[in-house]
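Each remark here refers to the structure printed beneath this line.
Reckoned from all heavy atoms, side chains included, excluding hydrogens, waters and symmetry mates.
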Amino acid sequence: MKRTLIVRYGEIALKGLNKSYFEQKLVKHIQANIRDLGNTRVYKSNGLVFVELNGQDEEEVVARVVKVFGIVSVSPAWKVEADLDVIKETALKLTIERVKDGQFKTFKVESRRGDKSFPLNSPQICREVGGYILQGIEGLKVDVHEPELSIHIDVRDKAYIYAEKIPGFGGLPLGTNGKAMLLLSGGIDSPVAGWMMAKRGVDIQAVHYHSYPFTSDRAKEKVMDLAKILATYCGNIRLHAVNLLPIQKEINEKCPEEEMTILSRRFMMKIAEQIAISNGCHALITGESIGQVASQTIEGLTVTNEAVTLPVFQPLIALDKVDIVELAKKIGTFETSILPYEDCCTVFLPKRPVTKPRVERIKESENKLDVEGLIEKAIADMEVIKISAEE
């Protein structure tokens with residue numbers, strides 16, 4: 001009798017001839033997420049993935065496995081011989097464990113018989129096991145419609161008995177949909193945007209802008225902490241820290257005050273694009289939500305995105321702030337994002353930023369600047385920080 005995790009995937013099953021590629025990616029990411037925990041075994045069989053724990057901490061393994069994109073649920077299970085008496089004893093033991101604190105009064109047994117050579121069919125397994133449990137636990141009742149506890153039995157070459165399905169995040173395995181560069185600030189939105197794109201199988205790298213010494217080292221450390229949280233889902237991240245202050249000073253000196261935000265954003269996009277291309281990325285990711293702030297009008301986003309030729313993914317574009325906050329809490333970035341450290345957008349903040357910029361007017365202002373030289377210097381001076389979940 002072994003403790004084993006049953007791992008289920010969803011969208012991967014629809015991939016037709018490419019299904020095995022996605023399955024292999026999924027297994028590889030599960031293995032990578034738990035490799036440091038010790039001697040576990042991960043393998044796929046007939047539409048499921050199994051993780052044999054071999055004595056490792058079950059809660060820790062489950063906590064890491066459910067963060068792997070592509071997984072829709074995980075069930076800690078007992079793996080036993082496909083023998084009816086063994087199945088009955090194991091199911092009774094599991095039920096006793098689940099009802100011992102008195103929170104469950106009703107139950108039912110559900111079964112699937114993948115191995116058709118097993119002498120009983122699924123309804124017969126349910127009746128036999130359910131009756132055995134009723135005999136063994138006084139006061140427990142059957143409710144096949146709305147049970148408080150469900151005992152599941154999956155008969156294959158072995159039998160798997162379990163009582164819960166822990167939800168995963170779904171999506172697709174990392175790396176199955178290319179690589180993109182995330183513009184990662186210290187706020188609530190951009191970490192969620194990166195997480196959402198990673199959930200669709202996009203490998204994430206990141207660039208962060210600061211205005212040191214106008215912004216503090218602690219502000220940069222906050223972003224590193226956010227990148228570390230993302231790394232628990234997205235794997236290792238290369239964080240490119242770029243000092244935007246020299247560019248902001250030039251804009252402040254030579255351009256209209258109300259254009260500071262939009263011009264700074266265009267520089268951020270241009271720099272991110274060059275870093276992205278040099279890192280083999282094929283798109284940029286930003287955390288805008290339409291209308292949330294002055295620079296996130298349709299006109300503002302049009303002018304900002306016009307600065308680059310790479311596709312710009314904006315997965316939060318139609319979400320309300322409350323929806324974004326709920327996602328941030330769910331993935332664990334919210335508490336770090338709201339720490340009160342300044343970011344580069346607060347430097348030289350105009351009193352009345354332009355909300356409906358025109359590309360022609362903004363380009364006229366850019367022509368007053370040495371755009372290529374400023375970008376080249378910013379990239380030359382940037383710091384590259386390798387972020388991993390284990391740090």
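Ring planes of Tyr233 and Phe69: parallel class, angle under 30° (limits at 30 and 60°). The aromatic rings of Tyr162 and His152 sit parallel to each other, their planes meeting at less than 30°, with 60° as the upper class boundary.
For the ring pair (Phe, Tyr, Trp, His ring centres under 6.0 Å) condition, no pair includes a residue of residues 3-37, sequence neighbours left out. Listed by first then second residue, pairs satisfying salt bridge (charged side-chain N to carboxylate O under 4.0 Å, His left out) with a partner in residues 294-310 read Arg266-Glu306, Glu306-Lys363, not counting sequence neighbours. Note on residues 154-163: pairs passing salt bridge (charged side-chain N to carboxylate O under 4.0 Å, His left out), not counting sequence neighbours, are Glu81-Lys158, Asp154-Arg156.
Note on Val68 and Val66: same hydrophobic cluster, where clusters join Ile, Leu, Val, Met, Phe, Trp and Tyr whose side-chain heavy atoms are under 4.5 Å apart, directly or indirectly. Transitive grouping of hydrophobic side chains (ILVMFWY, heavy atoms separated by less than 4.5 Å) keeps Tyr160 and Ile71 in distinct clusters. Taking hydrophobic clusters as Ile, Leu, Val, Met, Phe, Trp and Tyr residues chained together by side-chain heavy-atom distances below 4.5 Å, Ile12 does not share a cluster with Ile6. The same ILVMFWY cluster, assembled from side-chain heavy atoms under 4.5 Å apart, contains both Met181 and Tyr209. In the hydrophobic clustering of ILVMFWY residues, with side-chain heavy atoms under 4.5 Å counting as a link, Phe313 and Leu172 come out apart.
The environment of CG in Leu14 is crowded: more than 12 heavy-atom neighbours from other residues, nucleotides or ligands sit within 6.0 Å. Heavy atoms of other residues, nucleotides or ligands lying less than 6.0 angstrom from NZ of Lys19 number more than 12. At most 12 non-hydrogen atoms from other residues, nucleotides or ligands lie less than 6.0 angstrom from CG of Asn46. The environment of Glu164 atom CD is dense: over 12 non-hydrogen atoms of other residues, nucleotides or ligands sit within 6.0 angstrom. More than 12 heavy atoms of other residues, nucleotides or ligands shown are found within 6.0 angstrom of NZ on Lys15.
Salt bridge absent: Glu372 and Lys270 never bring a charged side-chain N and a carboxylate O closer than 4.0 Å. A salt bridge does not link Glu250 to Lys368: none of the charged nitrogens lies less than 4.0 Å from a carboxylate oxygen. Using a 4.0 Å cut-off between a side-chain N of Lys or Arg and a carboxylate O of Asp or Glu, Glu23 and Lys44 qualify as a salt bridge. With respect to Arg218 and Asp225, a salt bridge is recorded, a charged nitrogen being found less than 4.0 Å from a carboxylate O. Ionic pairing of Glu60 and Arg64 is present here: one or more N-O contacts between side-chain nitrogen and carboxylate oxygen are shorter than 4.0 angstrom.
Under the 3.5 Å distance criterion, with hydrogens and angles disregarded, a donor-acceptor pair is assigned to the side chains of Glu273 and Thr309. For the 3.5 Å distance criterion, the side chains of Thr4 and Glu52 fail to qualify, holding no donor opposite an acceptor. Using modelled atom types, one finds no donor on one side chain facing an acceptor on the other under 3.5 Å when comparing Gln296 with Ser289. Between the side chains of Thr297 and Thr355, no donor N or O sits under 3.5 Å from an acceptor N or O. Between the side chains of Thr176 and Arg200, no donor-acceptor pair is found at a separation under 3.5 Å. Donor-acceptor pairing under 3.5 Å is recorded for the side chains of Gln292 and Lys321.
The heavy-atom pair separating Ala276 from Leu310 by the smallest distance is CB-CD1, 3.9 Å. Among all heavy-atom pairs drawn from His208 and Ser185, the shortest one is ND1-CA, 4.1 Å. The shortest heavy-atom contact between Gly332 and Ile229 is O-CD1, 3.4 Å. Between Asp143 and Lys108 the shortest heavy-atom distance is O-CB, 3.7 Å. Contact record, Ile237 with Ala231: CD1-N, 4.0 Å, taken as the closest heavy-atom pair. The minimum heavy-atom distance linking Leu149 with Ala163 is given by the pair CD1-CB, 4.1 Å.
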task = Give the intermediate values and the outcome of side chain to side chain donor-acceptor pair (under 3.5 Å) for residues Thr304 and Arg265.
result = CA-CA 6 Å; Thr304 299; Arg265 289 290 299 171; 5.0 Å; no
request  = In sequence, state the C-alpha distance, the side-chain angles, and the governing distance for Ser365 and Glu259, and then conclude on side chain to side chain donor-acceptor pair (under 3.5 Å).
outcome  = CA-CA 8 Å; Ser365 295; Glu259 295 178 355; 2.5 Å; yes
Identify all side-chain donor-acceptor contacts of residues 115-127 below 3.5 Å with residues at least two apart in sequence or on another chain.
{"from": "Asp115", "atom 1": "OD1", "to": "Ser117", "atom 2": "N", "distance (Å)": "3.1"}
{"from": "Asp115", "atom 1": "OD1", "to": "Ser117", "atom 2": "OG", "distance (Å)": "2.6"}
{"from": "Asp115", "atom 1": "OD2", "to": "Ser117", "atom 2": "OG", "distance (Å)": "3.1"}
{"from": "Lys116", "atom 1": "NZ", "to": "Arg113", "atom 2": "O", "distance (Å)": "2.9"}
{"from": "Asn121", "atom 1": "OD1", "to": "Gln124", "atom 2": "N", "distance (Å)": "3.0"}
{"from": "Ser122", "atom 1": "OG", "to": "Arg113", "atom 2": "N", "distance (Å)": "3.3"}
{"from": "Gln124", "atom 1": "OE1", "to": "Asn121", "atom 2": "N", "distance (Å)": "2.9"}

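No side-chain heavy atom of Leu182 sits less than 4.5 Å from a side-chain heavy atom of Val207. Here the side chains of Ile204 and Leu230 are not in contact, with every heavy-atom distance at 4.5 Å or above. Between Leu5 and Val49, the closest side-chain pair of non-hydrogen atoms is not below 4.5 Å.
Distance check: Thr261 OG1 to Gln248 CD gives 9.5 Å after rounding to the nearest 0.5 Å. With rounding to the nearest 0.5 Å, the separation of CD in Glu110 from CD1 in Ile151 is 10.0 Å. Atoms OG and CD, from Ser190 and Glu288 in turn, are 9.5 Å apart once rounded to the nearest 0.5 Å. Cys255 SG to Ile262 CD1: the interatomic distance, rounded to the nearest 0.5 Å, is 12.5 Å. Here Tyr212 contributes atom OH and Glu383 contributes atom CD; the two are 11.5 Å apart, rounded to the nearest 0.5 Å. To the nearest 0.5 angstrom, Asn243 atom CG is 8.0 Å from Asp381 atom CG.
Under the ring-ring contact (aromatic ring centres under 6.0 Å, His included) criterion, Tyr43 pairs with Phe50, not counting sequence neighbours. Among residues two or more places apart in sequence or in another chain, the ring-ring contact (aromatic ring centres under 6.0 Å, His included) test is passed with Phe267 by none.
A cation-pi arrangement, defined by a distance under 6.0 Å to the six-membered ring centre and an angle within 45 degrees of its axis, is present between Lys329 and Phe334.
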